[in-house]
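Everything on this sheet refers to the single structure shown next.
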Amino acid sequence: MSDTPKPLPRRDGLNGEFYEHCARGELRFQRCAGCQTWRHMPRYSCAECGSRDWTWEKSSGRGKLYSWTVSHRAFHPGFAGDVPYAVAIVELEEGPRIVSQIVDAKLDALRLDLPLEIVFEKVADDVTMPKFRIR
Amino acid sequence: MSLKDKACIVGIGETPNTRGPGRPVIDMVVDASLNAIADSGVKRSAIDGLIFSSSRYIFQESVAVHLGLKDLRYTSIIEIGGAAPVSTLQSAAMAVATGQANYVLIPFGCNGYSEARTSVRARPESQFYADNQMSQAVKNYLAPNGAFVPVQYYSWIANRHRLLYGTTQEEIAQIPLNSRANAQGNPRAYMRDRPLTMEAYLASPMISEPHRMFDCCLETDGAAALIVTTPERARDLKQRPVFVSGVAEGHPYPADDIMNRSDILDLGLTHIAHRAFEMAGATPADMDFAQIYDCFTYVALMQLEAAGFCKRGEARHFVMNGNIAIDGKLPVNTHGGLHSEGHVWGLNHIVEAVRQLRGTAHRQVKDCEIGAVTGWGDFGDGSIAILRR
Ligand SMILES: [Zn+2]
């Protein structure tokens, strides 16, 4: 087991706002004020209609497993104790997809469209990561 | 104006594919460039165009001064990773067809083993990655979840494809086994004299599913270079010219974000390969060979579909029964590819296509006249060129 910590996201700008909501236990995505499209990752304008107006809207936190890969190498010393581990793409009910991890599940339980729900995991004093469990 | 047959590749040059100790990249690039210039018969001082794939490893002014290019008229840098080398042919064709440059040098080199291999290179939080939008995705959303390297990013696409279409390990294995077979006897191939069996492939450790160790490309040190000019100028030169008959580049949408594409199986190549074929007045069935960018073997499998050699979901059948072997229906990666020859970001795929069309390849496809080369880079940008003799 390595003592190297896992890398953390930066907490400035729009990315910081995304993770601030997570720290409050809320999964929020930007939603376009022009065409109502939900989006992730955070951006300054809408890819669908070009509007630069948005609000942060709360996601149900429910989704399904869109794809994943099970990595058998750590690729970073912070993950040395985790191998083999799955890195998943989760599709939320509202549409956005997010890269995350599935907690409390055996790797051989993973399958396409597996129903999932959000859990928040505090990984540092000021960082909470959104993760998912089978629902 | 169509770029069809407006430009020819008239020179190729390389350094050996090695694994350390790495020579300075500029030194290898100069070697490969001088080899390409000598191969072409172009006077060094006549080179007036310089097109780079990425600015990460070498610097235009430095290459120019090392080669004594005193009258450069056109330079550009294509920043789409491993899709860039094939895409440079589009820029080079535009440059020579419109007279912005007469002789374009396209060099690339890197110490992919000595300096940049996955197990030793700097991590996303370091300075290694430029602070662009793609690295923002990596730093803020991928790396904190344990996704650091291309084999993981591309495996998200590959694994969904595999699960939807039921591709088996034995089918995936056709790509690396074929590449390794073609590398045997190729003195330039890092994996020459090291045949691969299905048993050894299946016993190789999983890296990131569905990619095993033998699904991952080599990490090597080396450089390659091309010289491009017009068909008129090519007549006075040493080599039989290889024409750029069709060329296109394409980008998945959004290119900086794999996970939120409406269809994650749509590659950069998916919607643009037909443009290159139409420009060339040819179809995938007309190709005498294909050099397919094989950073990871399942990615090569998906590109066979995206390029139009078969329908989505059918590559698993297409690659069976020796169809992609040197004497098969569509010989693929006839030099061994990035998997078994060396990793020069696919510029070596173009060099091999030129050798095939000159009739000087080590595993020569009989009487070949036309072939395709693809590129793949970053989060799935794509490129394709149709080359003919
Ligand atoms: Zn909108």
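A note on names: the letters A, B, ... follow the listed sequences, proteins ahead of strands, and every chain is numbered from 1.
Side chains of A:N15 and B:Y141: a donor on one and an acceptor on the other come within 3.5 Å. A donor atom on one side chain and an acceptor atom on the other are not found under 3.5 Å apart for B:Q152 and A:T69.
Residues passing the salt bridge (charged side-chain N to carboxylate O under 4.0 Å, His left out) test with B:R194: none are found, sequence neighbours excluded. Remark: B:R212 engages no residue in a salt bridge (charged side-chain N to carboxylate O under 4.0 Å, His left out) (not counting sequence neighbours).
Among all heavy-atom pairs drawn from B:N145 and A:Y85, the shortest one is O-CE1, 4.2 Å. Closest heavy-atom contact between B:N260 and A:H40: ND2-O, 2.8 Å. The nearest pair of heavy atoms linking B:N140 to A:P9 is O-CB, 3.4 Å. Contact record, B:E209 with A:H72: OE2-NE2, 2.9 Å, taken as the closest heavy-atom pair. In terms of heavy atoms, A:P7 sits closest to B:A143 at CG-O, 3.7 Å. Residues A:V87 and B:W156 approach most closely at O-NE1, 3.0 Å, considering heavy atoms.
Interface residues of residues 54-67 of chain A toward chain B, defined by a heavy-atom distance below 4.5 Å and sorted by number: A:Y66, A:S67. Residues from residues 159-167 of chain B that place a non-hydrogen atom less than 4.5 Å from a non-hydrogen atom of chain A comprise B:N159, B:R160, B:L163, B:L164, given in numerical order.
In terms of modelled atom types and a separation under 3.5 Å, the side chain of A:R97 and the main chain of B:R261 share a donor-acceptor contact.
Atom OG in A:S71 sits 11.5 Å away from atom NE2 in B:H211 (nearest 0.5 Å).
Interface remark: A:L8 contributes backbone atoms only to the contact with chain B (heavy atom separation under 4.5 Å). In this structure, the portion of A:A74 lying under 4.5 Å from any heavy atom of chain B is its backbone and not its side chain.
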Is there a side chain to side chain contact (heavy atoms under 4.5 Å, CB included) between A:R43 and B:D257 once you walk through the steps?
CA-CA 12 Å; A:R43 298 180 197 272; B:D257 170 6; 3.5 Å; yes
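Note on ring orientation: taking the six-membered ring where Trp is involved, the planes of A:F79 and B:F148 are perpendicular (angle over 60°, cut-offs 30° and 60°).
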